[in-house]
Number of protein chains: 2
Amino acid sequence: MSTDPRAQRSRAAVVQGAAELLLADGPGGVTVDAVVQRTGVARSTIYRHFPTSTDVLRAAVDAVLPEVAPGGRALAGDSPRDVLVRRVTATAEQLSTGAWVRALPALLELVAREPALEAHRTEIVARHRTDLVEHLRAAADAGLLPVGADLGVAADRLVGPLFYRRLVTGEPLTPELCEQLVDSVLTPGDPR
Amino acid sequence: MSTDPRAQRSRAAVVQGAAELLLADGPGGVTVDAVVQRTGVARSTIYRHFPTSTDVLRAAVDAVLPEVAPGGRALAGDSPRDVLVRRVTATAEQLSTGAWVRALPALLELVAREPALEAHRTEIVARHRTDLVEHLRAAADAGLLPVGADLGVAADRLVGPLFYRRLVTGEPLTPELCEQLVDSVLTPGDPR
DNA sequence: CCAGTACGAAACAGTACTGTAGCGAAACGG
DNA sequence: CCGTTTCGCTACAGTACTGTTTCGTACTGG
């Protein structure tokens, strides 16, 4: 029943097409008709797999959201500062990607309006955050942060300005900015 | 013709009603029928004042956006640090206001999708920014910032984490956080 | 090979929104 | 006070989307 390759194929096609539409046109662009036209999957087939069009959108969000967490692997010989710089720069590059420039505001608007997606948001943010906080803890252990520093706030100070620039002001995210941000969090008073 | 109080009244009612709908339900909630039902202004009257429903939405955005710039007046006797703390705290409080919690993501999504609104965005951001940069310059003149500091980046470091928390993580914006942010930008190395 | 199943195509009612048009009533202003 | 303007009301065609249903076809797995 669920092992039928036809069912798996068409379901996957629907989710992928819906995800593409989500990235291209935002949540409002994920309509059943649009998915039909894009994927060639029939209308009745979509409604056989998903109770409602909202569930299609939810599946698309599920398919898209995991990409938010970069999870860059840290090389062994790197200094904690280098790890942070690479991590923050990776986030900046990801935020500058064409797809995310359009999708991020749409996703935020969607999450703000749909309480059902709140759980997804916190999960993704947590994954994104614990990764970053882990790097910060390593830096703190190396004495690069003040003793009582709140690592959560430090994380906000690292990536907050990046999201702010991308979402609000529209200014570019340069590698120099990323280094500046890391150095502004590390070693307060001795920027070296 | 345009001095007729009837025309002015109904136009103002439409704009105000549309702005309320924009804050309450987002851009998608600003439909002609919704404005009719909310304001009592007739359908034909709305179309007599605005060529298309998009123009109604644009007028609503115009009516709502100026509120973004807080423009808190600085009291004479305050230290530059106090001015910045009050300014950042005011921004945090505004971001925590119920209306803006719902409206901000919607507005960002709208601006991201409608290139026609890009000019508005840059204008509002500029007003918001020059105000903040002005305060930062005063602090720099008082020797509270390193000599070569980029005031634009300093502004990003001040309010970026606030927007990030509000938009992405959903964490609360406490007065303590605001003070921490100001102190993290001022006097690097001498947090006092 | 063949019964069971998923499929594509197409038509359907229902809802919501846009933009237009015509009409009589009420308000404005000289 | 009376002509002009604006108003509210209602009806209308057109579009877009949702969710349901039917039917014949093609694929899958035992």
Side-chain angles (χ1 to χ4, degrees), chain A residues 1-62 106-107 109-110 113-114 116-117, chain B residues 1-62 106-107 109-110 113-114 116-117:
Chain A
M1 16 178 81
S2 67
T3 66
D4 195 324
R6 290 174 294 177
Q8 296 178 349
R9 241 181 294 145
S10 48
R11 194 186 200 282
V14 168
V15 172
Q16 182 190 335
E20 292 170 4
L21 284 170
L22 176 62
L23 291 183
D25 304 333
V30 184
T31 71
V32 177
D33 282 340
V35 175
V36 167
Q37 189 167 3
R38 186 181 197 91
T39 63
V41 175
R43 189 171 186 73
S44 48
T45 303
I46 295 178
Y47 278 107
R48 206 172 291 129
H49 283 285
F50 300 92
T52 195
S53 74
T54 308
D55 296 276
V56 178
L57 176 58
R58 211 178 340 252
V61 173
D62 281 1
L107 285 174
E109 207 268 341
L110 195 64
R113 206 159 301 277
E114 282 260 6
L117 295 175
Chain B
M1 17 177 77
S2 68
T3 66
D4 195 323
R6 291 175 293 177
Q8 295 178 350
R9 242 181 294 146
S10 49
R11 194 185 200 280
V14 168
V15 171
Q16 182 190 337
E20 292 170 5
L21 284 169
L22 175 63
L23 291 183
D25 305 332
V30 184
T31 70
V32 176
D33 282 340
V35 175
V36 167
Q37 190 167 2
R38 185 183 198 92
T39 64
V41 175
R43 189 172 187 73
S44 47
T45 304
I46 295 178
Y47 278 107
R48 208 171 289 131
H49 284 288
F50 300 91
T52 196
S53 72
T54 308
D55 296 276
V56 178
L57 177 56
R58 211 178 340 252
V61 173
D62 281 1
L107 285 175
E109 208 268 340
L110 195 64
R113 205 159 303 277
E114 282 262 4
L117 294 176

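Throughout, protein chains are lettered first and strands after them, A, B, ... in sequence-line order, and every chain is numbered starting at 1. Owing to the predicted nature of the structure, the values given are computational and were not obtained by experimental measurement.
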- Query: Taking OP1 and OP2 of D/dG8, is either one under 4.0 Å from a side-chain nitrogen or oxygen of B/T45?
  - Reply: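 For D/dG8, OP1/OP2 do have a side-chain N/O of B/T45 under 4.0 Å.
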- Query: Within the pair B/H49 and D/dC7, is there a side-chain N or O less than 4.0 Å away from OP1 or OP2?
  - Reply: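 Yes, within the criterion.
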- Task: List the atom of B/H49, the atom of B/S10, and the distance in Å for their closest heavy-atom pair.
- Result: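 Closest heavy-atom pair between B/H49 and B/S10: NE2-OG, 3.3 Å.
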- What are the two closest heavy atoms between A/G29 and A/A34, and how far apart are they?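 In this case the closest contact between A/G29 and A/A34 is O-CB, 3.7 Å.
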Applying side-chain contact (heavy atoms from CB on, under 4.5 Å), name anything that partners [X], two or more places apart in sequence or on another chain.
X: A/V36; answer: A/V32, A/R43, A/I46
X: B/T39; answer: B/V35, B/V41
X: A/A42; answer: A/S44, A/T45

Report all interatomic pairs (protein N or O, nucleotide N or O of nucleotides 26-30 of chain C) with separations under 3.5 Å.
residue : atom : partner : partner atom : Å
C/dA27  : N3   : B/R6    : NH1          : 2.9
C/dC28  : OP1  : B/R9    : NH2          : 2.7

- For every nucleotide of nucleotides 12-23 of chain C, 5' to 3': is a protein heavy atom under 4.0 Å from its base (B), only from its sugar-phosphate (S), or from neither (-)? -----SBBBB--
- Message: I need the CZ-P distance between A/F50 and D/dT18, as an integer number of Å.
- Response: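 So the two atoms are 14 Å apart, to the nearest Å.
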- Interatomic distance, B/Q37 CD vs D/dG8 C1' [rounded to whole Å]: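 Atom CD in B/Q37 sits about 15 Å away from atom C1' in D/dG8.
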Report all side-chain donor-acceptor pairs from residues 18-25 of chain B shorter than 3.5 Å, counting only partners two or more places apart or in another chain.
residue : atom : partner : partner atom : Å
B/E20   : OE1  : B/R38   : NE           : 2.7
B/E20   : OE1  : B/R38   : NH2          : 3.2
B/E20   : OE2  : B/Q16   : NE2          : 2.9

